[in-house]
Undergrad: 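Here it is, the structure, as structure tokens.
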Amino acid sequence: MLLRLAALASAAILAAGASLFVGGTPLTPHDIVSALLHPVSGGDVATIVWQLRMPRICVAAAVGAELAIAGVLLQGMLRNPLVDPYLTGVSAGAAAAIALAILAGVAAPLAPGIGFAAGLGTAVVVAALARRGGGIDANRLILAGVSLSAFFSAIVALAVVRARSPDAAQQILAWLAGSMAGRGWHDLLLVLPYASAGALLAAVAIPGLNALRIGDLRARTVGLDVGRAQWLILAASSLLAASSVALAGLVGFVGLIVPHIARRVVGSDARALLVACIFTGAALTIAADAVSRTIAAPSEVPIGVLLAFIGVPAFLYLYFHRGLRA
Amino acid sequence: MIDLRDVRLNVAGRELLRDVDACIGGGEFIAILGRNGVGKTTLLRAMNGWHAPAHGAIAVGGDAIHALPARERARRVALVTADEEFTDALRVRDVVAIGRFAHHRWWQWNETASDEDAVERALAAVRLESYGERLFSTLSSGERQRTWIALGLAQATPVLLLDEPTSHLDVRVAHDVLSLLRELARDGKTIVCVLHDLNDAAAYADRIALLGCGRLLAFGAPRDVLRGTLVEEAYGIAMESVETARGIRIFPAG
């Protein structure tokens, strides 16, 4: 098991290392090693590595890891492999709020914060609607998430149609497609407390998630407070998903497919799965971001679009031909 | 070990059982009998602390079981419920190891040596030592039932409650399961088991709790409880009992 986790960690490190070479200015391995060893040298190469490429790689890694953890938590809680971290309405709520903010002419730097707050707020409303007894009703959660997502999607569509300038519509669409362009250390620092809180809650939820593998009723018999575990999982996944939306807009597919890939490598034990999801989510998103920057350079293909174009066929192939279902 | 004092159980505001008084000692094998919907499972779950009595008290080890925190309850009482589907590809050992949940601190991720010992002992007790690496989904009904019992045993509780552990099992596997429960009782564990087969209850249980007409009709040795009139009152059909070399047996009359 440790070997498999080490292999996934190596994949993430490899993706990050390779991604350092990707960009408008060609850099040699010597340039990069030198810049990494002398971060405050002040040269152009150090600036490119430490102020442009490294923060972008870290943002991609954080987004991938956050979505993968959120996905594995919700899929485990609902015992439904088709669940996505955006099920709780985080993405739709954030998108609607950001679209309205852009229409209202709110300054662009405020958009991530608005998206985070609206996403988390939507998750709270969905959780309140899904509440039954002391816990969460899976069907109500899915119904409330899908309904509110549809409602907020309609608001986004209306905002795009009603946008007075093509620029505003373009900005809204850029958020919907997801991108790490222009993200830096500052953005990472802003979401760090919330992402850390989400990761901590996820770590605490892991033993309960393992018990839930044998069903809610049997998990209760072994001493799990199922209601409390559900709230913990929902809080963790909402914080992580909202943080990822604040960092990079809507990056679909990662939270759905990465838990499947990780499960294939390390099995269904939630402890190994959580660690595997962190590495796999980071590796996939870093690699996808690097490709999104180069495939149509000098312009960028939105990472959400790229992930869907490459990932969906790959996922379907794996699912139907390689026994991913097992 | 388990004390039920003047217990009344309501479900959805409706009174299901009343005036239930019983005292169950350590190492006893108790069978709960009664017709469908009479409240057998509800009574079992109340003994597990999931239903607070509307009146009276249910104590396990001297404490009101429903008032205990979930983990503490699961260290006193293990409940083996009727089968529930799940899709995860779990090995038998993984399933049984989940029974150790209540013995872990809330931040604890890893199993300890004592957890591994408990899992091995539980698998050995149900004679599934060689099945640890098998996928649960590949097991037969009887093997699955034994796995669930092993899960309850891994909890290392003095009391084991079972809800219809022999349903869907053929006569040989049912005999294996009931013999195993009999052995566990002999080793000192308190077994309380909902059964449908009156003769299984007569053959394996020390005492029988017969539910009917919204109350505990009788609680005593099989020979005393499985008399025609009491069973007729509980099930609403005429029954006749016969004495055999292995104890009392009972059948629908005619």
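Chain identifiers are assigned alphabetically (A, B, ...) following the order of the sequence lines, protein sequences preceding nucleic acid strands; residue numbering begins at 1 within each chain.
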Undergrad: Testing the basics here: between A:L67 and A:P85, what is the closest heavy-atom pair and its distance to 0.1 Å?
TA: O-CG, 3.6 Å
Undergrad: Check whether B:L151 gets within reach of chain A through its side chain, its backbone, both or neither, counting any heavy atom under 4.5 Å.
TA: side chain
Undergrad: Could you tell me if B:N48 and B:R45 have a donor-acceptor pair between their side chains, going purely by distance under 3.5 Å?
TA: no
Undergrad: Side chain, backbone, both or neither: which part of A:R228 has a non-hydrogen atom closer than 4.5 Å to chain B?
TA: neither
Undergrad: Tell me whether the count of non-hydrogen atoms from other residues, nucleotides or ligands lying under 6.0 Å of CG in A:L3 goes above 12.
TA: no
Undergrad: What part of A:L232 lies closer than 4.5 angstrom to a heavy atom of chain B: side chain, backbone, both or neither?
TA: neither
Undergrad: Against chain A, label B:R73 side chain, backbone, both or neither, depending on which of its atoms sit under 4.5 Å from a heavy atom there.
TA: neither
Undergrad: Between B:R91 and chain A, with a heavy-atom cut-off of 4.5 Å, which part of the residue counts as in contact: side chain, backbone, both or neither?
TA: neither
Undergrad: Looking at B:D176 and B:R146, is there a salt bridge between them, counting it only when a charged N and a carboxylate O are closer than 4.0 Å?
TA: no
Undergrad: When you measure from the side chain of A:Q75 to the backbone N and O of A:V83, does any donor-acceptor pair fall under 3.5 Å?
TA: yes
Undergrad: Regarding B:T112 and B:D115, is there a side-chain donor-to-acceptor distance under 3.5 Å anywhere?
TA: yes
Undergrad: If you count heavy-atom pairs within less than 4.5 Å of chain A, which of B:A70, B:G49, B:G99 leads?
TA: B:A70
Undergrad: Side chain, backbone, both or neither: which part of A:A270 has a heavy atom under 4.5 Å from chain B?
TA: neither
